[in-house]
J.: 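First, the structure itself, so that you have it in front of you.
Every heavy atom of this structure was used, including side-chain atoms; hydrogens, water molecules and symmetry mates were not.
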Amino acid sequence: MKRRKVIALISLAAATSTALIACAPDDSPTADGAAGQGETLVVYSGRGEDLIGPMFERFEAETGISVDVRYGDTAELAATILEEGQNSPADIYFAQDAGALGALQIEGRTRNIPENLLDQVDPRFRSREGQWIGITGRARVFAYNTDMLDADEVPDSIWDLTEPEWSGRVGWAPTNGSFQAFVSAVREHEGEERAREWLEAMQANDPQVFRNNTSIVEGLGRGEVEVGLVNNYYLARFQAEDPNFPVAHHYPSGDVGSMINIAGVAILDTTDQPEAAEAFVAFMLSPEAQQHFAEGNSEYPLIAGIDPPDNQLPISEINPPDIDLSSLEDLEGTLSLLQETGAL
Amino acid sequence: MELQSQPAKAQFPPSGRSRPPLFLVLMASLVAVGMALPLVYLVLRALGIGVVDFWAILQRPRTIQVFFNSIGMVLAVTILSALIAIPLAFLTVRTDLPGRRFWGVTSTLPLAIPTYVGSFALLAFAGPRGSMLQILLEPWGVQRLPSIYGWTGVILATTLFSYPYLLLTVRASLQGMDPAMEEASMSLGYSHSETFWRVTLPQLRPAIAAGALLVSLYSLQDFGTPALMRFNSFTRIIFLQYRASFDRSMAAALALVLVALVGCILWLEYRARSKAAYYSSGSASQHQPKLIPLGPWKWLALAFCSLVFLSSLVMPLTVLVFWLGRGMTAGQSAIDLVRAMLPSAVNSIYGSGLAALIAVIFALPIAILAVRFPSPLSSLLERLSYIGFGMPGIVVALSLVFFGANYARALYQTLPMLLFAYLVLFIPQGVGTLRSSLLQVSPSLEESARSLGRTPWQTLREVTIPLVRPGIISGAMLIFLTAIKELPATLLLSPIGFRTLATEIWQATAENAAFTQAAVASLMMLVVSTLATLIILSQERLSRNRE
């Protein structure tokens, strides 16, 4: 009996070490492998590999600087950088929304980005102090189920959604970062009291609570809700999986419901290779990368001269209200407001 | 032979006090230090906020409501799991149920389905509108199914994918149980059912308590299912602090409240189980118990097994295969996807396999100390080992980020660090199963070995370990199946570029709506887990045949 157990353990150990040998050469760059062989940038990325991985590879090929990426959740990676303190191995933080970048800036964990890079991007889409910069734009939109609604029935303002006729028909995701950035924008644009009024009216109108944008679009496709407050680039991915997916976009004009947020980067204060980090930011703003983000990911390019994604309104025609993303740092206030109105 | 039910202290060898062997104490202390790290971190962080702020949050009606929501959910999930797991374990181990081995394997496998994947599948299957079930019923005029969101969904999804924690613990205990006592009961004229209620069930008590503990702590700290099912659980509030305001101090303070709740559950379980020892005073030569003939009850038993099988395994599988099929008709190649994910699958097997091995090795001293050398200290140690499992994964992961980056720079974000995180998170699964197995082994056997001149180390290797084999097997399996799904620690603490099937699923569903990819990764995880389960169960059978 004892022998059997030993055999079992040995075979388990053997299986795992075979696995190690099998995967070690091509798949697991170890921590020490990173040091010493030329320059290596460590990027903490809150954006998925499918979305930005190809551009990291292009950057490596063109500059000879290698990039090690840790993929994760935007907020969790920000918390990780804060916990790591001055021992953080990360050089660059690539975030899904402006709020997370602002949080690192407030804690003094970001470095100045040079003027020549900042100047490429509209001041609305970068830190006022030059501590972070937008790489792509993402518009908030009303997505709707095309089987249940005609295009002219879709509401044209966030205030329409509070009408009794939309009771129980609207999906939102109050825990989601993009949604919270949008609420910050409502506070900034319409004032604290109007924002509270809107949230209370929405709350009284039986909104359907979803986990995130993906699950809202999924729910829209199934017809669980008719209108959803989401970002502009999710739908394209559902349609890639299912061309008959019954959802379309509507951009409420001149309304905070179509505000534009960003995905962007910050160079961290702990980096020991600022030039390489700046080269990285420059590459992400190059026409090649911007074009890829627009075509491959349906996101808005933030530099001049690149076409907007297919089937989406150009950023200039969305006519979003003029909102400075740097002014959206008060997430704390947004969170309290959401909690006080019962949305969270 | 008799069922001993003296207080635990009676297990001491009559010769008086015995001291635990040094190597056991050293190993256990090492684990204790690891377990204490998240707690120390939480206290450090929580000091960063004012008492007034903390009190204000605690007193919010919403916080209180959410706290009670969590308690209600934990109770419901645990009771439901017990109602599924105990009969299933008994049927598959002790009766002549047709296809015993098949049910034995398949009833374990839902553990290999991450609850977030299972919940997603459950919504696609039985959501109120546009789900498979609703479309199927549409010809009969069903436009909308009753909503599954909220209590129903969260209880259903959590139970369906976490009852195997209880099942495996109870199975191990049933297998390690000396059938002599049941035979004695039968020979005294008790029927099968009387024997079950009076003899078998009481002996299963430590295993049921240990398994229920795992289920309840798992449901308490799970985040994915409550979020998808739109249920306000306490974990959700903690996540909000991280996600929305990057407020680590408040999150830590709230996590400490959760730790207090975990402490209450641990205390309850301790009270529920610690009265008796469950070994027979006779020799260790166990024999296979006779299988109980089910007779006409067979059909009811089969219906029950099929219902569990259909809802916890076939349902999510159907949805996954549907996603896969849809992606393939849209032109994606499943073979390419599988090939692309092979390295991740290898990493998953490697990481979880090592985690299972290491966690079982370190769980053994804790279980032995708690059972053989009971003292306030060893009980505390054993209870402490559950802390990591009862906390949201992100809290444990961030605490290790903090200590790793600042005090163990050389190890930070290396494989040993990740394995250490798995150890902190999953060791109680080994401790629980080993403990219930140990309780079935009479200490007189170990004493005999010692009196025959064996050293404590030899006794452990030659007597104790072979006898607690069912516990070792179940524990290793539980840890493997849980570690393969782990996400937050894997994302933050693994070596850069170390992808697992769990991170692939996460990548495919978090920002991307790549359901085909998610389906491929989930199915591969299921295949790997099935193979692991089969290998481990065949070991189990081999050893029984040799006896």
J.: Side chains of A:Tyr234 and A:Gln239: any donor to acceptor distance under 3.5 Å?
T.: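 Result is no, nothing qualifies.
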J.: Which bit of B:Leu492 comes within less than 4.5 Å of chain A, counting heavy atoms only: side chain, backbone, both or neither?
T.: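 For B:Leu492, backbone and side chain are both near chain A.
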J.: Specify which of A:Gly342, A:Gly46, A:Ala100 makes the most heavy-atom pairs with chain B at under 4.5 Å.
T.: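 The option with the most such pairs is A:Ala100.
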J.: Measure B:Phe223 against the heavy atoms of chain A and call it side chain, backbone, both or neither at under 4.5 Å.
T.: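 Side chain only.
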J.: Would you say the side chains of A:Ser66 and A:Thr40 form a donor-acceptor pair under 3.5 Å?
T.: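 A:Thr40 and A:Ser66 do have a side-chain donor-acceptor pair below 3.5 Å.
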J.: Can you give me the closest heavy-atom contact between B:Trp323 and B:Ala124, atom names plus distance?
T.: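 So the minimum-distance heavy-atom pair works out to CZ2-CB, 4.3 Å.
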J.: Could you tell me if A:Gln208 and B:Tyr149 have a donor-acceptor pair between their side chains, going purely by distance under 3.5 Å?
T.: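 No, no side-chain donor-acceptor contact under 3.5 Å.
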J.: B:Ile358 versus chain A, heavy atoms under 4.5 Å apart: side chain, backbone, both or neither?
T.: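 Looking at B:Ile358, nothing touches chain A.
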J.: Answer whether the closest heavy-atom distance between the side chains of A:Leu101 and A:Tyr93 falls below 4.5 Å.
T.: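 Yes. Closest side-chain heavy atoms under 4.5 Å.
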J.: I'd like to know which of B:Gly351, B:Ser131, B:Ser352, B:Pro128 tops the heavy-atom pair count under 4.5 Å against chain A.
T.: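 Counting heavy-atom pairs under 4.5 Å, the top option is B:Pro128.
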J.: As an exercise: rank B:Val360, B:Leu342, B:Leu398 by heavy-atom pairs under 4.5 Å with chain A and give me the winner.
T.: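 That would be B:Leu398.
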J.: Please classify the contact of B:Arg409 with chain A as side chain, backbone, both or neither, using a heavy-atom distance under 4.5 Å.
T.: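 Just its side chain gets close to chain A.
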J.: Select all residues of residues 215-225 of chain A having any heavy atom within less than 4.5 Å of some heavy atom of chain B, and report them by number, or 'none'.
T.: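 Those residues of residues 215-225 of chain A which have a heavy atom under 4.5 Å from chain B are A:Glu218, A:Arg222, A:Gly223, A:Glu224.
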J.: Taking side chain as everything from C-beta outward and backbone as N, CA, C, O, which of these in A:Ala79 sits under 4.5 Å from a heavy atom of chain B? Side chain, backbone, both or neither.
T.: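 When you check distances to chain B, atoms from both the backbone and side chain of A:Ala79 fall under 4.5 Å.
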J.: Would you say the ring centroid of A:Phe179 lies under 6.0 angstrom from that of A:Trp172?
T.: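 Yes.
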J.: By a 4.5 Å heavy-atom criterion (distance strictly below it), what part of B:Phe403 contacts chain A: side chain, backbone, both, or neither?
T.: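 Contact with chain A is absent: no heavy atom of B:Phe403 under 4.5 Å.
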J.: I'd like to know if A:Arg47 pairs up with A:Glu299 as an ion pair, taking the criterion as any Lys NZ or Arg NE/NH1/NH2 lying under 4.0 Å from an Asp or Glu carboxylate oxygen.
T.: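 A:Glu299 and A:Arg47: salt-bridged.
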J.: Please determine, among A:Asn212, A:Thr214, A:Asn213, A:Asp73, the option with the most heavy-atom pairs under 4.5 Å with chain B.
T.: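 The residue among A:Asn212, A:Thr214, A:Asn213, A:Asp73 with the greatest pair count is A:Asp73.
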J.: Does any backbone or side-chain atom of B:Ser147 lie under 4.5 Å from a heavy atom of chain A? Answer side chain, backbone, both or neither.
T.: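 Neither the backbone nor the side chain of B:Ser147 comes within 4.5 Å of chain A.
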J.: Apply the test side chain to side chain donor-acceptor pair (under 3.5 Å) to residues A:Thr334 and A:Arg187: give CA-CA distance (whole Å), side-chain angles for both, the deciding distance (0.1 Å), then the verdict.
T.: CA-CA 8 Å; A:Thr334 299; A:Arg187 292 171 62 213; 2.8 Å; yes
J.: Taking atom types as modelled, find out whether B:Thr500 and B:Ser344 have a side-chain donor-acceptor pair closer than 3.5 angstrom.
T.: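 There is no such pair (donor and acceptor under 3.5 Å, judged by atom type) between the side chains of B:Thr500 and B:Ser344.
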J.: Is B:Leu123 close to chain A through its backbone or its side chain, or both, or neither, when contacts mean heavy atoms under 4.5 Å?
T.: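 Both parts, backbone and side chain.
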J.: What residue, out of A:Leu77, A:Asn297, A:Asp242, A:Leu82, has the most heavy-atom pairs lying under 4.5 Å from chain B?
T.: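 Heavy-atom pair counts peak at A:Leu82.
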J.: Does the side chain of A:Phe245 come within less than 4.5 Å of A:Arg237's, by heavy atoms?
T.: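 They are not in side-chain contact.
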J.: Please check if any side-chain donor atom of B:Arg499 sits under 3.5 Å from a side-chain acceptor atom of B:Gln507, or the reverse.
T.: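 No, no side-chain donor-acceptor contact under 3.5 Å.
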J.: Give a yes or no on whether the ring-centroid distance for A:Phe238 and B:Phe515 is below 6.0 angstrom.
T.: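 Under 6.0 Å, so yes.
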